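Below: the structure, in structure tokens.
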Amino acid sequence: MTNTLFPLILGSGILVATASGLVGSFLLLRKMTLLSDALSHIALPGIALGVLFHFEPLLGGVLFLFIGVFFIWAIEHKTKLAVETITGVLFVTALAAGSFLIPEENLLETFFGSVTRITVPELILQGVVALLIIAVIIRFLKPLVLSSIAPDLARAERLPASFLEFLLLTLIAFTIAIGISFVGILLMSALVIIPAASARNIARNFRQFIGWSVVFSVASLTIGLYADAIWHFGPGTATVFTGAFFFILTLFGKRDY
Amino acid sequence: MEPTTILSVYNLSVTLGHKRIIHDVSFSVQPQEVVAIIGPNGAGKSILVKTLIGLTEATSGKIEWQPGTKVGYLPQRFHVDHYLPMTIKEFLDLKPKRAFSIHEVLELTKLDTSWLKRPLAHLSSGQLQHVLLAWAILDKPQLLIFDEPTENVDVVGQESIYTLLHNLQDTLGIAMMIVSHDLHVVYRYANTVICLNGKMVCYGAPETALTTDKLSELYGNHAFFHHHHYKNEE
């Protein structure tokens with residue numbers, strides 16, 4: 001079954017990886033890389049509920065991520081708690097609740113990713129959501145970049161700071177949700193962070209930074225999916241190894257900044 | 001309010017948390033006027049300008065802008081991540097609204113076009129300030145607010161930025177609000193001075209407003225005149 005679906009898996013994967021590469025660049029700019037790592041765990045209870053009650057786990061994941069993101073955003077704006085504090089509390093609670101709820105047979109694939117049981121509607125849904133993420137980022141590229149690198153200047157230009165922040169958090173949530181079935185909850189941040197970190201090593205300007213981030217992300221997931229199809233050791237693991245390999249390579253081509 | 005007045009501020013007060021930062025400040029800015037805001041450390045100078053442009057909320061009072069007024073703002077601190085992969089051109093391209101082309105702005109701010117390819121992260125703080133000035137005038141503002149940095153900018157750099165501001169005022173007719181800790185700047189460039197120490201201690205032309213009494217009231221003692229230049233302001 002995996003073989004007949006492989007072209008569709010690859011197509012959907014490339015779109016998801018493109019979205020991850022773009023979102024990852026912003027996380028790196030905002031120094032929010034660990035936030036995305038923690039955030040991915042918040043999807044677990046949602047996925048567990050989907051598995052238990054036989055609805056699409058992806059939707060459960062998106063729902064929980066979205067609620068999580070909204071809480072983080074709202075609490076940050078209403079209280080003076082640091083984002084890391086809120087995320088820290090939320091993510092361990094979600095992880096505990098999720099591991100308690102999810103059937104043991106689904107635990108490993110949710111953690112490390114698996115495409116053996118993925119369905120055609122899921123793949124299409126992931127691809128469509130990825131396209132939407134890419135479109136929104138392109139539409140709001142400049143305001144998102146400005147508010148990420150110079151929040152004060154962005155506010156002086158009357159850019160809607162909290163809207164942009166919420167938009168970015170939402171984009172992160174959706175990106176994580178659609179990437180989980182490929183690389184799993186524990187490894188998802190690898191698809192988001194490693195490509196952007198590698199890109200920054202060699203980029204001389206912003207265009208190159210975003211471009212390389214997408215290239216590394218797509219290349220990592222593509223190689224990861226092929227490796228999994230041939231040797232069956234999990235697309236998540238193979239993707240992370242590939243990404244880490246690229247990162248090491250870029251260290252040798254590192255610019256002086 | 002005269003029809004041409006760019007900005008009118010009435011009885012402005014700002015309280016942050018439980019701390020009263022600014023109390024009952026009123027003034028106005030006319031086209032092409034250069035207004036200097038001076039005062040000791042923690043007098044609320046930066047907070048005042050941030051309140052004017054909406055970065056900080058006013059507790060009471062009224063701020064009236066002439067409709068359609070564009071404001072350029074150079075913050076006191078602008079931190080660029082050392083690893084940010086972005087050229088000066090890419091940075092200037094991020095400006096949402098532009099009235100000048102990037103090349104016109106480079107010419108106005110006396111920057112060479114070779115700067116466009118330089119990475120933002122590699123600039124000294126004086127050079128960064130120069131680029132921020134280009135950023136601030138890209139949409140041809142009627143008022144430029146310059147919150148003078150108090151750290152890490154060399155004296156020569158400051159001298160050239162003031163020459164540049166002065167030129168811009170001549171060529172573009174921009175009004176300016178300058179937050180400064182240097183009385184020299186006030187006497188040399190400003191038409192009007194606001195002495196701020198939580199409340200407004202003096203307001204008017206520097207020659208008449210800056211009396212010895214007012215300055216003593218503002219800074220507490222005369223030691224300021226001789227040493228303030230060399231101190232860092234928090």
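Throughout, protein chains are lettered first and strands after them, A, B, ... in sequence-line order, and every chain is numbered starting at 1. Values reported hereafter were calculated over all heavy atoms of this structure, with side chains retained and with hydrogens, waters and symmetry mates removed. The model shown is predicted, which means the values in this text are computed figures rather than measured ones.
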Closest heavy-atom contact between [X] and [Y]?
X: B:Leu55; Y: A:Asp152; result: CD2-O, 4.0 Å
X: B:Met86; Y: A:Phe206; result: CE-CD1, 3.6 Å
X: B:Leu132; Y: A:Leu153; result: CD2-CD1, 3.7 Å
X: B:Pro96; Y: A:Glu157; result: CD-OE1, 3.8 Å

message: Within the supplied structure, the quantity of interest is the number of heavy atoms (other residues, nucleotides, ligands) at a distance under 6.0 Å from A:Phe140 CZ; does it exceed 12?
response: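 Yes, enclosed.
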
message: Does B:Lys89 have more than 12 heavy atoms from other residues, nucleotides or ligands lying within 6.0 Å of its NZ?
response: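 For B:Lys89, atom NZ is not crowded (no more than 12 foreign heavy atoms under 6.0 Å).
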
task: Would you check, one step at a time, whether the test side-chain contact (heavy atoms from CB on, under 4.5 Å) holds for B:Leu84 with A:Ile149?
output: CA-CA 8 Å; B:Leu84 178 70; A:Ile149 65 160; 3.6 Å; yes

message: At a 4.5 Å cut-off on heavy atoms, which part of A:Leu141 comes close to chain B: side chain, backbone, both, or neither?
response: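 For A:Leu141, there is no contact with chain B at all, as no heavy atom is under 4.5 Å.
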
- request: Identify which part of A:Leu29 has an atom lying under 4.5 Å from any heavy atom of chain B, answering side chain, backbone, both or neither.
  value: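 For A:Leu29, the contact with chain B is made by the side chain alone.
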
query: Using non-hydrogen atoms only, which part of B:Lys50 is less than 4.5 Å away from chain A: side chain, backbone, both, or neither?
result: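 For B:Lys50, the contact with chain A is made by the side chain alone.
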
- prompt: Are the side chain of A:Lys142 and the backbone N or O of B:Lys95 linked by a donor-acceptor pair below 3.5 Å?
  reply: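 No; judged by distance alone, with no hydrogens or angles, the pair does not exist.
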
field: Lys/Arg N to Asp/Glu carboxylate O, A:Arg207 vs B:Glu90, below 4.0 Å
entry: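 Looking at B:Glu90 together with A:Arg207, the answer is no, because their closest N to O distance does not fall below 4.0 Å.
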
message: Under a 4.5 Å cutoff for heavy-atom pairs, which residue among B:Asp139, B:Ile145, B:Leu94 has the most contacts with chain A?
response: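 That would be B:Leu94.
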
